Amino acid sequence: MTTTSSREASAVPHPLAPLTPNEIRQAVKVVKAQPDFTPDTRFVMISLQEPGKERLFHHDGQETLPREVFMVLRDRKRRRSYEAIVSLDSAKVIDWRYLPGVQTAITEEEFAQCDAAVRADARWQQAMRRRGVEDFSLAMVDAWPTGYTGELDDASGRRLACPLTYVRAYPGDNGYARPVENLVALIDLDTMEVLEVIDKGTVPLPPLAGNYDPAVRTSDNNWPTVVEERQDLKPIDITQPDGPSFTVDGYAVHWQKWHFRIGFTVREGLVLHQVGYQDQGRLRPILHRASLAEMYTPYGDPGFTHYRKNAFDEGEYGAGFMVNALELGCDCLGEIRYFDAVVHDQDGEPVTLPNAVCMHEEDMNIAWKHTDFRTGKVVTRRQRRLVISSFAVLGNYQYGYFWYLYLDGTIKFEVKLTGMVSTGAYTRECPPYGAAIAPGLYGPHHQHFFSMRLDMSIDGPHNSVYEVDSVALPVDEHNPHANAWRTQHRLLASEQEAQQRVAQTATGRFWNIVNPQQRNGLGEPVGYKLVPSSGLLPMQPEGSQAWERARFCYGHLWVTAYDPTQFYAAGDYPNQSRGGEGLPAFVQQDRPLDNTDVVVWHTFGEHHIVRPEDWPAMPVVSTGFALRPNGFFDGNPALDVPAPNGCGSTTACHDQDSL
């Protein structure tokens, strides 16, 4: 089933409800009347200007808060970037700001225009002919950002991209199987002038196709060898005869004891707002806002075609623009609720992306179980989780963003990486900076980093963060058998102090977010712990492009005092930036963090040494983290989960999935 309306039952629209198509049109109309707006101005990003946290925390559902729209614009002719805030209530621009030297994200429009401009360039065409390519319509040109290596200072002020080229054998073929090595263009995205075409020498195109779709695979020229599809995979049907256990009112969701709101922005994609848990008749807040604050993918290949590959997929493109329409039976199974997303094109016209977010329940095996071996009495309860997911298509890669809410109060976030690896061509020996995946074709080594922004609200906005390690105790009169260890709690009292990494030794490090003003039944501060699953750090050393522009990747935990203007780990505009923005700048104030309104930033990632099995379609690999209640409740909050059908609590029962 899909949403048919964004209206909610309340007569007053919720202040966090995503923008409607009509609201986008109203705001665009207001901006177009600005004196500084010209016919060459393009709408890069349009999103809701969310009300401040304090106002939302005390919002009673009856008061109408200001409805405002935030915009990023680019005047291509004058080479100027702007920010604007529009009041929908007064139909006026309440803030208009020129951003000198700022390059906004690359738009879908520019991506397509870049492709056409490069293919029309005579120098590029000549380079392609040297590689035996005459039909230029079969080329694919991807507009990669330039990054910042210091070599393009003479072109400062220009809006640049370094397009890479791939060749299809026919329409519908997988062009990434035939990368054009050693050929890079430099293009001005404002004028679409191809400034330079550099050819460092011909490398033959890889000889074999890499098609994964049965509709276009060929048995004589495909790598790996085509095999017939399996015929013995029996269907699995997920049914809920009585319907789902969740209720939806517009973008507000209630499932079991969880309450939250679904949000969506063109830059971040899926966002969760106001996540809370109903406990003993009281809705207890946990997260005010949770979003992916940046994605960064640095490549480890120094080759001419690859050394600039340092992509900020959110800040340099915008993940929300590129979401898939999710399909029942393909992306989601069971009793599904879909949510559409409204984005926009570069003319400012609203565009509805159908089925952008999928929500459903999943059985997750055992929640808890105990067998009294003396009496034979078995008590079993099954786990279930609510899944809220979205998939973004960012060039060759696809990223699935999955939020999981569990019956026992656990929250998890998972990124599923799939799609296609970025490729290069080689002759004779595969470069040592990657791995061969087909004859003449290799995948460069790279890493994926994700920064999560967690605006915490553990029983309210007064929170503190502790780093918790498990430490072995010295052998002495108190530990004569050398078996003792304890947990060591350290308050992260300021922003400079709260720049931490996952411990390199087996200390079981986690970070505990507590509310010192609220106590549980044992007299301890209520809390949730952030449990990391990735200790990945960049391979690039201090002084590298990654170090300068993506400093957030060099720490797994950052904590900042809440500031409504600080949303993105690498800064608002990482495209062509020299670095230093985002988290490194936020923490310079070294604001105090104890018993105050804090934002927790967690960096995690995937270290990708490419395998032959990653070609041509990469099997999903996952990375993420968990937020687990840690003294938030007085005991197991899932004790009240009813027994599975057919399983009592007084006699032994077999798990249904073992029959």
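It should be emphasised that the depicted structure is a prediction, and the values quoted were computed from it without experimental measurement.
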Undergrad: Using atom types as modelled and distance alone, determine if a side-chain donor or acceptor of Arg123 lies under 3.5 Å from a backbone N or O of Val194.
TA: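 Side chain of Arg123 to backbone of Val194: a pair is present.
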Undergrad: Hey, is Asp232 close enough to Arg230 for a salt bridge, meaning N to O under 4.0 Å?
TA: no
Undergrad: Judged by atom type as modelled, is there a donor-acceptor pair below 3.5 Å linking the side chain of Asp173 to the main-chain atoms of Gly175?
TA: no
Undergrad: Can you tell me if Asp614 uses its side chain to pair, donor with acceptor, with the backbone of Met618 under 3.5 Å?
TA: no
Undergrad: Side-chain contact test, heavy atoms from C-beta onward, threshold under 4.5 Å: evaluate it for His360 versus Glu335 and give yes or no.
TA: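 Result no, sub-4.5 Å side-chain heavy-atom pair not found.
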Undergrad: Any side-chain heavy atom of Asn324 sitting closer than 4.5 Å to one from Asp331?
TA: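 Asn324 vs Asp331: side chains apart.
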Undergrad: Kindly indicate whether the side chain of Tyr338, heavy atoms from C-beta on, has any atom under 4.5 Å from the side chain of Leu326.
TA: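 They are in side-chain contact.
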Undergrad: Cation-pi check, Arg267 to Tyr568: give yes when NZ or CZ is under 6.0 Å from the six-membered ring centre and within 45° of the ring axis, no otherwise.
TA: yes
Undergrad: Restricting to non-hydrogen atoms, name the atom on Thr423 and the atom on His306 that form the minimum distance, rounded to 0.1 Å.
TA: O-CE1, 3.5 Å
Undergrad: Are Phe339 and Ile388 packed together at the side-chain level, in the sense that at least one heavy-atom pair is separated by less than 4.5 angstrom?
TA: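 Heavy-atom side-chain distance check fails, nothing below 4.5 Å.
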Undergrad: Tell me whether Arg501 contacts the main-chain N or O of Tyr554 through its side chain, where contact means a donor paired with an acceptor under 3.5 Å.
TA: yes
Undergrad: Minimum heavy-atom separation for Asn182 and Phe304, please, with both atom names.
TA: O-CE2, 3.8 Å
Undergrad: List the atom of Phe567, the atom of Glu268, and the distance in Å for their closest heavy-atom pair.
TA: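 So the two residues come closest at CD2-OE2, 4.4 Å.
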Undergrad: Which atoms form the tightest heavy-atom contact between Ala436 and Cys430, and what is the distance?
TA: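 Answer, listing the atom of Ala436 first, then Cys430: N-SG, 3.5 Å.
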Undergrad: Starting from the C-alpha separation in whole Å, work towards a yes-or-no answer on side chain to side chain donor-acceptor pair (under 3.5 Å) for Thr418 and Gln398.
TA: CA-CA 5 Å; Thr418 184; Gln398 277 82 73; 5.9 Å; no
Undergrad: Does the ring of Tyr406 carry Arg384 above it, NZ/CZ under 6.0 angstrom from centre and within 45° of its axis?
TA: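 That pair does not qualify as a cation-pi contact.
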Undergrad: With a 4.0 Å cut-off on N to O distance, would you call Arg551 and Glu581 a salt bridge?
TA: no
Undergrad: Kindly state each residue pair satisfying salt bridge (charged side-chain N to carboxylate O under 4.0 Å, His left out) with at least one member in residues 413-437, sequence neighbours excluded.
TA: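 Residue pairs with at least one partner in residues 413-437: Glu414-Lys416.
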Undergrad: Could you check, using the six-membered ring where one of them is a Trp, whether His607 and Phe449 have ring centers closer than 6.0 angstrom?
TA: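 Judged by ring-centre distance (under 6.0 Å), His607 and Phe449 do not meet the cut-off.
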Undergrad: Does Lys309 make a cation-pi contact with Trp144, if we ask for NZ or CZ under 6.0 Å from the ring centre and within 45° of the axis?
TA: yes
Undergrad: Any salt bridge between Glu109 and Arg42, counting N to O under 4.0 Å?
TA: yes
Undergrad: Is there a side-chain contact between Val421 and Trp615, using heavy atoms and a 4.5 Å cut-off?
TA: yes
Undergrad: Where the side chain of Asn222 meets the backbone of Asn211, is there a donor-acceptor pair that is under 3.5 Å apart?
TA: yes
Undergrad: Give me the ring orientation class for Phe552 and Tyr296: parallel if the planes are under 30° apart, tilted from 30 to 60°, perpendicular past 60°.
TA: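 Rings of Phe552 and Tyr296: perpendicular, over 60°.
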Undergrad: Determine, for Arg131 against Asp199, whether the closest basic-nitrogen to carboxylate-oxygen distance falls under 4.0 angstrom.
TA: yes
Undergrad: Does Asn310 form a side chain to side chain donor-acceptor pair (under 3.5 Å) with Tyr148? I'd like the steps, not just the answer.
TA: CA-CA 9 Å; Asn310 287 264; Tyr148 184 81; over 6 Å; no
Undergrad: Do Tyr176 and Asp142 come within less than 4.5 Å of each other through their side chains, counting heavy atoms only?
TA: yes
Undergrad: Report yes or no: do Ser137 and Asp135 form a side-chain donor-acceptor pair below 3.5 Å?
TA: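 Indeed, the side chains of Ser137 and Asp135 share at least one donor-acceptor pair under 3.5 Å.
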Undergrad: Looking only at heavy atoms, what is the nearest atom pair of Arg628 and Val531, with distance?
TA: CD-CG2, 4.2 Å
Undergrad: With the threshold set at 4.0 Å, does a side-chain nitrogen-carboxylate oxygen contact exist between Arg385 and Asp363?
TA: no
Undergrad: Does Trp558 form a side chain to side chain donor-acceptor pair (under 3.5 Å) with Ser451? I'd like the steps, not just the answer.
TA: CA-CA 10 Å; Trp558 303 67; Ser451 174; over 6 Å; no
Undergrad: Looking only at atom types and distance, does a side-chain atom of Glu548 sit under 3.5 Å from a main-chain N or O of Ser544, one as donor and one as acceptor?
TA: no
Undergrad: Locate the shortest heavy-atom distance separating Ala319 from Ala392; write the atom from each residue and the value.
TA: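 Closest pair (atom of Ala319, atom of Ala392, distance): O-CB, 3.8 Å.
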Undergrad: Are any side-chain N or O atoms of Gln113 and backbone N or O atoms of Met192, one a donor and one an acceptor, separated by less than 3.5 Å?
TA: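 No, the answer is negative, given that no donor and acceptor are paired below the 3.5 Å cut-off.
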Undergrad: I'd like to know if the side chain of Gln447 pairs up with that of Glu606 as donor and acceptor (distance under 3.5 Å, no hydrogens or angles considered).
TA: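 Result is no, nothing qualifies.
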Undergrad: In sequence, state the C-alpha distance, the side-chain angles, and the governing distance for Ser81 and Arg74, and then conclude on side chain to side chain donor-acceptor pair (under 3.5 Å).
TA: CA-CA 5 Å; Ser81 300; Arg74 177 69 179 179; 2.9 Å; yes
Undergrad: Would you check if the distance from the ring center of Phe450 to the ring center of His602 is below 6.0 Å?
TA: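 Centroid distance Phe450-His602: not below 6.0 Å, so no.
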Undergrad: Let's go through Asn174 and Arg168 carefully: what are the C-alpha distance in whole Å and the side-chain angles of both, what is the deciding distance for side-chain contact (heavy atoms from CB on, under 4.5 Å) to 0.1 Å, and is it a yes or a no?
TA: CA-CA 6 Å; Asn174 174 19; Arg168 294 165 293 191; over 6 Å; no
Undergrad: Find out whether the Lys NZ or Arg CZ of Lys412 is both under 6.0 angstrom from the six-membered ring centre of Tyr404 and within 45° of the ring's axis.
TA: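 Not satisfied by the 6.0 Å and 45° rule.
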Undergrad: Is any side-chain heavy atom of Tyr401 less than 4.5 Å from a side-chain heavy atom of Leu292?
TA: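 Tyr401 vs Leu292: side chains touch.
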Undergrad: Taking the side chain from Trp223 and the backbone from Ile437, do they hold a donor-acceptor pair closer than 3.5 Å?
TA: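 The answer is yes, because a donor-acceptor pair under 3.5 Å joins these two groups.
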Undergrad: Side chains of Thr202 and Arg130: any donor to acceptor distance under 3.5 Å?
TA: no
Undergrad: Whether the side chain of Ser390 engages the backbone of Ala356 through a donor-acceptor N/O pair (distance < 3.5 Å, no angle test) should be reported.
TA: yes
Undergrad: Is the ring centre of Tyr397 less than 6.0 Å from the ring centre of His448?
TA: yes
Undergrad: Is any side-chain heavy atom of Val266 closer than 4.5 Å to a side-chain heavy atom of His344?
TA: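 SC-SC contact between Val266 and His344 confirmed.
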Undergrad: Test of understanding: with side chain to side chain contact (heavy atoms under 4.5 Å, CB included), list the residues that count as partners of Arg129, not counting sequence neighbours.
TA: Gln125, Gln126, Glu134, Phe136
Undergrad: Determine, for Glu228 against Arg217, whether the closest basic-nitrogen to carboxylate-oxygen distance falls under 4.0 angstrom.
TA: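 Judged by the 4.0 Å cut-off on N to carboxylate O distance, Glu228 and Arg217 do not form a salt bridge.
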Undergrad: Is the backbone N or O of Pro444 less than 3.5 Å from a side-chain atom of His446, with the two atoms forming a donor-acceptor pair by type?
TA: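 Looks like yes, one N/O pair under 3.5 Å.
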